[in-house]
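One structure is given below, encoded as structure tokens.
What's counted below: heavy atoms across the whole structure, side chains too, no hydrogens, waters or symmetry copies. In what follows, every chain begins at residue 1, and chains take the letters A, B, ... in the order their sequences are listed.
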Amino acid sequence: MKPQKLTDYELQRLQNIRRNDEMMAALKLHSKATQLSNFKRQRVEAKSTRVKSEKKPKTETPIVIRVRRSLRTRGIPPDCEGLDRDSVAPTTPSKEKPLSVVSLGPLSMATARESAHSDSSFIESLMGMAQDVSVPKGNAGDSLELESLSLDSDNIARVVSGRITNVRFFPTSSVKMIAAGNKFGNIGFWNMGENEVHLYRPHNAPISGILIQPHCISKIYTSCYDGVLRLMDAEKEIFDLVFESDETIYALSQPPNETNCVYLAEGSGGLTMWDNRAGKRSSHWDLHDWRINTIDFNCQNPHIVATSSSDATACTWDLRCTNRNDLKALRTFTHKRSVQSAYFSPSGGSLATTSLDNTIGIYSGVNLEDTAVISHFNQTGRWLSTFRAKWGWDDKYLFIGNMNRGVDVVSAVQRKIVMTLESPHMSAIPCRFDINSYEVGMLVGATSGGQLYVWTSR
DNA sequence: GTCGGAGTTACTAAT
DNA sequence: ATTAGTCCACTCCGAC
């Protein structure tokens, strides 16, 4: 059915679709060489178990984009990988494998989409959210009562398949929306209000970062282990290619109030500043011996950043003191094993680290010299994302998953675990967390089975 | 010291 | 209900 009169928005959409189709056609020409290699499609269908709007999987043959890095860095011609895989896991002739397309540039959202239902209202709402003038809560006397936290069975959804590596609330009060990235390169968006999930696959390897900028929600950065940084642009309906590294990108961050630059954890210990206005890498420092797991800026002093690394340290740095390419750590916080996270508290006055040496470190005082060590079992093993203690809405509490399918609440004041959130509804271990800054008490835990559990206050 | 292999772990899908 | 498959983390340990 054709609408009699098209709105501006619909016209814009049609233009987008036409332009993106042309783009895809051009890309297909470039990918001739790689089309010789067949790959098995990884299973990516998200079963929205608890989401009311259950949808059938897409019927069209999806286009699978493979990791280019693995081929290039190993110097293996594309054909070989396919043969290699076949020899390891022989497949029956009846199982037809789709051709792969290597995307060298922007990827249209239509192509990346894996949920069957229309995403036009979702895309439209993203543009409507472009500006949020309200102020995040927290620190405003709106204190959290731990006892009031509960898990409603309606606040559970499977948004992606497999292991969630990254989860973020949208920084807005206008809608309750969560983005989650998994190890296959999917990004799932869950609109809690409409109870709808939109699934895309802009990447081909574990998602290492999702960055939703408060000043412009319609543009969302995503980073991936395959070295690619993309920018989802709802207006153009594409996942644009921003930057591509030869090395793995392990983390993604942005200082508060910054609009042009993003920071990437690159390779074994590198921190890269990407200037998106200039379209270039404007700085690069070798900060650690092994991979940087998190990058977190201080909200009070945006030039101060904390990094956590698998070299068993977390460090704070002053990015203003960037003579040449060497940077000296303001402070180094040592652990006995890999440090999985280092986050500044909401006020910026404290730092919390989580390490595989089974401790959580809390550092406070003017120079973070006041140290507290809290024992916490952090051996998640190979199949789960590692635990990362995450600050709540003030400097009082931290939230971290445990291996008994609970959420441990750490009091930074009492320096111990004061409570564990448990629910019969939580049937898997929550590994990664995010808080809704605009809603005190709204906490999301993400599992290695693709589910999100949203705890709320009252 | 560096490289590679083994062992660890939880969850899903298939039987 | 039980089991095979997962397999981009990390650590330990042995060989060189």
Tell me: NE2 of A/His203 to C1' of C/dC8, nearest whole Å? 15 Å
Using the side-chain heavy atoms of A/Tyr250, tell me which of these nucleotides is nearest: C/dA9, B/dT12, C/dT6. C/dA9
Quick one: ring-ring contact (aromatic ring centres under 6.0 Å, His included) partners of A/Trp274, sequence neighbours excluded? A/Phe243
Remember a base hit wins even if backbone is also touched, and classify A/Ser310 as base, sugar-phosphate or nothing at under 4.0 Å, heavy atoms. sugar-phosphate
Using atom CG of A/Asp357 as one end and atom P of C/dT11 as the other, report the distance to the nearest whole Å. 10 Å
Test: A/Arg230 and A/Asp240 ion pair at under 4.0 Å: no
Atom CG of A/Asp311 to atom P of C/dA9: distance rounded to whole Å? 16 Å
What interatomic distance, in whole Å, is found between P of C/dC7 and the corresponding atom of B/dA14? 15 Å
Under 4.0 Å between a Lys/Arg side-chain N and an Asp/Glu carboxylate O for A/Asp370 and A/Arg415? yes
Aromatic contact between A/Tyr263 and A/Phe297, with the criterion being ring centroids under 6.0 Å apart: yes or no? yes
Give me the ring orientation class for A/Phe333 and A/Tyr363: parallel if the planes are under 30° apart, tilted from 30 to 60°, perpendicular past 60°. tilted
A/Thr248 side chain reached by A/Glu266 side chain, heavy atoms, under 4.5 Å: no
Mark yes or no for whether A/Asp275, through its side chain, and A/Ser282, through its backbone, hold a donor-acceptor pair below 3.5 Å. no
Using a cut-off of strictly less than 4.0 Å, decide whether A/Gln451 has a side-chain nitrogen or oxygen near OP1 or OP2 of B/dC11. no
Round to the nearest Å and state the distance from A/Asn166 atom CG to C/dC8 atom C1'. 15 Å
How many whole angstroms separate atom CH2 of A/Trp290 from atom P of B/dT2? 9 Å
Within this structure, what is the CG-to-P distance between A/Asn358 and C/dT11, rounded to whole angstrom? 11 Å
Do the side-chain N or O atoms of A/Arg291 get closer than 4.0 angstrom to the phosphate oxygens (OP1, OP2) of C/dA9? yes
Expected rows: protein N/O vs nucleotides 6-10 of chain B N/O, under 3.5 Å:
{"unit_1": "B/dT8", "atom_1": "O4", "unit_2": "A/Arg382", "atom_2": "NH1", "d": "3.2"}
{"unit_1": "B/dT9", "atom_1": "O2", "unit_2": "A/Arg382", "atom_2": "N", "d": "2.4"}
{"unit_1": "B/dT9", "atom_1": "N3", "unit_2": "A/Trp383", "atom_2": "NE1", "d": "3.3"}
{"unit_1": "B/dA10", "atom_1": "N1", "unit_2": "A/Trp383", "atom_2": "NE1", "d": "3.4"}

Considering only nitrogen or oxygen atoms on both sides, find all protein atoms under 3.5 Å from nucleotides 12-14 of chain C and state each distance.
{"unit_1": "C/dC12", "atom_1": "OP1", "unit_2": "A/Arg337", "atom_2": "NH2", "d": "2.6"}

Please report, rounded to the nearest Å, how far the P atom of C/dA9 is from the CD1 atom of A/Ile164. 17 Å
Checking C/dC10, B/dT12, C/dC8 against the side chain of A/Arg163 (C-beta onward), the nearest is C/dC8
Within this structure, what is the OH-to-C1' distance between A/Tyr453 and B/dC11, rounded to whole angstrom? 11 Å
Sub-6.0 Å ring centroid separation between A/Phe122 and A/His198: yes
Exactly one of A/Thr353, A/Asp296, A/Asn293, A/Thr354 should register a side chain to side chain donor-acceptor pair (under 3.5 Å) with A/Ser341. Which one does? A/Thr354
Does the cation-pi check pass for A/Lys176 over A/Phe170, that is, NZ or CZ under 6.0 Å from the six-membered ring centre and within 45° of its axis? no
Is there a side-chain contact between A/Lys183 and the phosphate of C/dT6, meaning an N or O under 4.0 Å from OP1 or OP2? no
